[in-house]
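Single-structure report; data block below.
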Protein chains: 2
Amino acid sequence: MRGLHADTGYLLYRLGLRSGQLFNGFLQESGLRLRHYALLRFLATAEGALQRELSARLGYDPSAIVGLVDDLERAGFVERRPSPDDRRSRIVVLTDDGRTFLRNTDEAGLRVTNDLVQPLDPAERETLHALLLRIAEPGLA
Amino acid sequence: MRGLHADTGYLLYRLGLRSGQLFNGFLQESGLRLRHYALLRFLATAEGALQRELSARLGYDPSAIVGLVDDLERAGFVERRPSPDDRRSRIVVLTDDGRTFLRNTDEAGLRVTNDLVQPLDPAERETLHALLLRIAEPGLA
DNA sequence: GACAATAATTGTCGACGTCAATAGTTGTTG
DNA sequence: CAACAACTATTGACGTCGACAATTATTGTC
């Protein structure tokens, strides 16, 4: 009979939970949660995105995006702008405050990850990251 | 500005979510969820455990254990037996039906994991598993 | 111009984690 | 040995989260 940790998928599930808890812990003081942070991070590379794009790329339901953008707009980190092409759509863009927030929390986020992978030496961390990336985005190969 | 997938911790979080969804998908027909499955798997190696041990080892709140054991007992996969040492405690043991269920779902679980790590060749899967194991249980080194 | 498709939004529902409170039992200590 | 602290399982409450249906406003199509 196979044990609990004999399964890579189950290990991923458990480590994912722990990682999420650590992230939420460090975000606690800012009043945001991991999902807000992920959205901000995505916007930082995208220079503005429609909400349906956020939904597709982050894997959250469109109805979840609404609440997240609401919270971030209230915090002053993003803005909803009308799309010139389609009056149904809103373009969500990072504000200067949002950009500053990301800069300030950058090293804290790194510390969380370092905490997580602490048992590994730098080369192993690199290996792990590369393997996870291939699983996460098979297209990039 | 760092992108979303530059962070190993965030990758773990996202892959953990995906892994959990895949597992819950394959468990759907049995009426159980990932948490039940994890509990059964743990019992398979432990030959009976107190509920507080389940709570500690699986990382679930004691109150969550109650419901999980209720469900599994109703399904006939586990039994609660009185502890001879301490009348407060209950010993949860796997029934024959539970053991059979685990045997029957074993290869389905493996298929889920194979699906997940599909982009990797066998040697890489081995490497990934070993690295994850070191993070999950630093004590085992 | 009727009608299907789409974007954002609202509301609902079940699952889940955390925490406080309780009943029954055990250990401790004065 | 009697009072009291600690522990085990359980119940209940509360907020979060993810999945889904329904609605409104707008766009595309035939």
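The CG atom of Leu68(A) sits 13 Å away from the P atom of dT10(C) (whole-angstrom rounding). The distance from atom CD1 of Ile65(B) to atom P of dC16(C) is 12 Å, rounded to the nearest whole Å. Counting to the nearest Å, the P atom of dT16(D) and the CG atom of Leu27(A) are 15 Å from each other. Rounded to a whole Å, the CD atom of Gln21(A) is 12 Å from the C1' atom of dC16(C). As rounded to whole Å, 12 Å separates atom P of dT10(D) from atom CG of Leu50(B). Distance, Asp70(A) CG to dG11(C) C1': 14 Å, rounded to whole Å. We find that CZ of Arg81(B) is positioned 16 Å from P of dA9(D), with the value rounded to whole Å. The nearest whole Å value for the distance from the CG atom in Asp61(B) to the P atom in dA13(D) is 16 Å.
Residue Arg52(B) places at least one side-chain N or O under 4.0 Å from the OP1 or OP2 atom of dT8(D). One finds a side-chain N or O of Arg33(A) lying less than 4.0 angstrom from the OP1 or OP2 phosphate oxygen of dC17(D). Checking the phosphate oxygens (OP1, OP2) of dT9(C), a side-chain nitrogen or oxygen of Arg80(A) falls inside 4.0 Å.
Distance from the side chain of Ser63(A) is smallest to dA19(D) among dA9(D), dC16(C), dA19(D).
A salt bridge is defined here as a Lys NZ or Arg NE, NH1 or NH2 lying under 4.0 Å from an Asp or Glu carboxylate O, and Arg81(B) with Glu73(B) fails to meet this definition. For Arg103(B) and Asp106(B), the salt-bridge test fails: no basic side-chain N is under 4.0 Å from an acidic carboxylate O.
Side-chain atoms of Ser83(B) and Asp85(B) form no donor-acceptor pair, as typed in the model, at a separation below 3.5 Å.
At least one donor-acceptor pair under 3.5 Å links the side chain of Ser19(A) to the backbone N or O of Gly9(B). One N or O on the side chain of Ser30(A) and one on the backbone of Leu27(A) form a donor-acceptor pair closer than 3.5 Å.
Place Gln51(B) and His36(A) on DNA chain D by their nearest nucleotides, and Gln51(B) ends up nearer the 5' end. For the pair Glu53(A) and Arg87(B), nearest-nucleotide mapping onto DNA chain C gives the more 5' position to Glu53(A). Positionally, the nearest nucleotide of DNA chain C for Arg88(A) lies more toward the 5' end than for the other of Asp86(B) and Arg88(A).
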